[in-house]
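The block underneath contains the structure these notes are about, expressed in structure tokens.
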There are 2 protein chains.
Amino acid sequence: MSSTDTPRRVPLTPAARRALAAAGRLFYERGIHAVGVDLIAAEAGVTKKTLYDRFGSKEQIVVEYLADRDERWRACLAARLDVCVSPLDSVLTVFDVSREWMDANSPRGCSMVNAHAEIDDPAHPAYTIITGQKLWMLGLFTDLVRPLAPDAAESLGRSLMLLHEGALVAFGLRIFPGALEHAREQAAALLTR
Amino acid sequence: MSSTDTPRRVPLTPAARRALAAAGRLFYERGIHAVGVDLIAAEAGVTKKTLYDRFGSKEQIVVEYLADRDERWRACLAARLDVCVSPLDSVLTVFDVSREWMDANSPRGCSMVNAHAEIDDPAHPAYTIITGQKLWMLGLFTDLVRPLAPDAAESLGRSLMLLHEGALVAFGLRIFPGALEHAREQAAALLTR
DNA sequence: CTCATTGTAGACCGATCTGTATACTCGACC
DNA sequence: GGTCGAGTATACAGATCGGTCTACAATGAG
């Protein structure tokens, strides 16, 4: 019912697309408050006027940044889940895709969790995107395990959620190597019992 | 060997103590980059000159903020673990203390994880404190389960770490109620098998 | 041809940022 | 009595912040 209730509010012209790409990289690597609009404009090869013509405010750039990552993550995950042959396969695939996603472009952990650390106000338009993705992931886990254990689906979904979130944090802080793989093993142990 | 390798670098005069208390509250609630030294000084009822006389820089205030929270957390936990009667009791107590700690003064999740989202540079003096606490927690979990399963202690310690970190994130983002309690149950199930 | 859209170039605004300086008060200690 | 540490009050500096402005160029559609 709400797979894409965070519609693109801003039409992405070529310059806007470059700006969003630069903003996304900078926001993720350095943090939202640490990156100014002048830097975004310079890195994107775009003038500040274009930035404000397209996005209207820095806050809106932040919203687009998170909405964009959310959208790409869900699409990436959905494509991989499409070819899964069983609920167990699907759950383990989530952890596989997470590991690949982290290895590829998220060495500093989950962008939603990181953004949440900088956004205190629940009324902030980005707040919905952040908690929305997490609630969606919880629902996904729960739905995936329901065929395996209809009565314990809620509980199992939450357990998988904890393992997954914990692994993302452990990966980002480099607490120990192979956090996603370890979480995957624990998920498998949890479901094959 | 390194329970307090983050010594207090700054002597805490009364005014410095007030400043650190105000800075801690503000940093945690609004984020580090979002809080200026003028605000800290005003909230603490202290002049900016006193701030810089005591701490020298905002960065040092951040370091003291994290070191202080780390110290208090470890002391709080150690006091409660002292009276535990078994390894299982100890592990479950960690989750209990975490829940109480979160309920009491950490509605926005782990301050170390949140700070990490704003500090990109591993050379930053706060980085050691952040990863230090997490490595200490991992070591604690591992040591606690060693009597229960000497051969699986490393693996079990990591599993408990994932559950615990995941619960802190889930709590901070309010993904579902009772995250710490659920993690505690999962930890119990993991160890009583 | 005209006109709206998209863009660049760059100056500018007021506010806020971290950090420093000067001048003064107060209390403790020798 | 004199000195020193800790503190207040306040002004200031230089940079950067988010955001706005004017002027102009290119492009494509009616």
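Chain identifiers are assigned alphabetically (A, B, ...) following the order of the sequence lines, protein sequences preceding nucleic acid strands; residue numbering begins at 1 within each chain.
Position along DNA chain D of the nearest nucleotide to Ser57(A) versus Ala15(B) favours Ala15(B) as the more 5'-ward residue.
Comment: Glu118(B) does not engage Arg30(A) in a salt bridge, judged by the lack of any side-chain N to carboxylate O separation of less than 4.0 angstrom. Classification of Glu43(A) and Arg25(A) as a salt-bridged pair holds, one side-chain N sitting under 4.0 Å from a carboxylate O.
The Val46(B) side chain lies nearest to dT8(D) when the options are dT18(C), dT8(D), dG7(C). Closest contact between the side chain of Tyr52(B) and the listed nucleotides dG7(C), dT20(C), dG19(D) involves dT20(C). Of the candidates dG19(C), dG19(D), dT6(C), dG19(D) carries the atom nearest the Lys48(A) side chain, counting heavy atoms from C-beta on. Listed nucleotides: dG7(C), dG18(D), dT8(D). Nearest to the side chain of Arg18(B): dT8(D).
In this structure, Glu59(A) atom CD and dG18(D) atom C1' are separated by 12 Å, rounded to whole Å. Following rounding to the nearest Å, Phe55(B) (CZ) and dA6(D) (P) show an atom-to-atom distance of 13 Å. If you take CG of Leu51(A) and C1' of dG10(C), they are 15 Å apart, rounded to a whole angstrom. Between Asp53(B) atom CG and dC4(D) atom P the separation is 17 Å, expressed in whole Å. Across the protein-nucleic acid pair, Ile40(A) atom CD1 and dC17(D) atom C1' stand 12 Å apart, rounded to whole Å. Atom CD in Gln60(A) sits roughly 15 Å away from atom P in dG18(D) (whole-Å rounding). Nucleotide dA15(D) holds its P atom 19 Å from the NZ atom of Lys58(B), rounded to whole Å. Atoms CD1 (Ile61(A)) and C1' (dG18(D)) sit 10 Å apart, rounded to a whole Å.
Within 4.0 Å (heavy atoms only), Thr13(B) reaches sugar-phosphate atoms of the nucleic acid but no base atom. Among the protein residues, Asp38(B) comes within range of the nucleic acid bases, having at least one heavy atom under 4.0 Å from a base atom.
Between Phe141(A) and Phe95(A), the angle of the ring planes lies from 30° to 60°, which puts this pair in the tilted group. Using the six-membered ring where Trp is involved, Trp73(B) and Trp101(B) have ring planes that are perpendicular, over 60° apart on the 30 and 60° scheme.
At least one donor-acceptor pair under 3.5 Å links the side chain of Tyr28(A) to the backbone N or O of Arg108(A).
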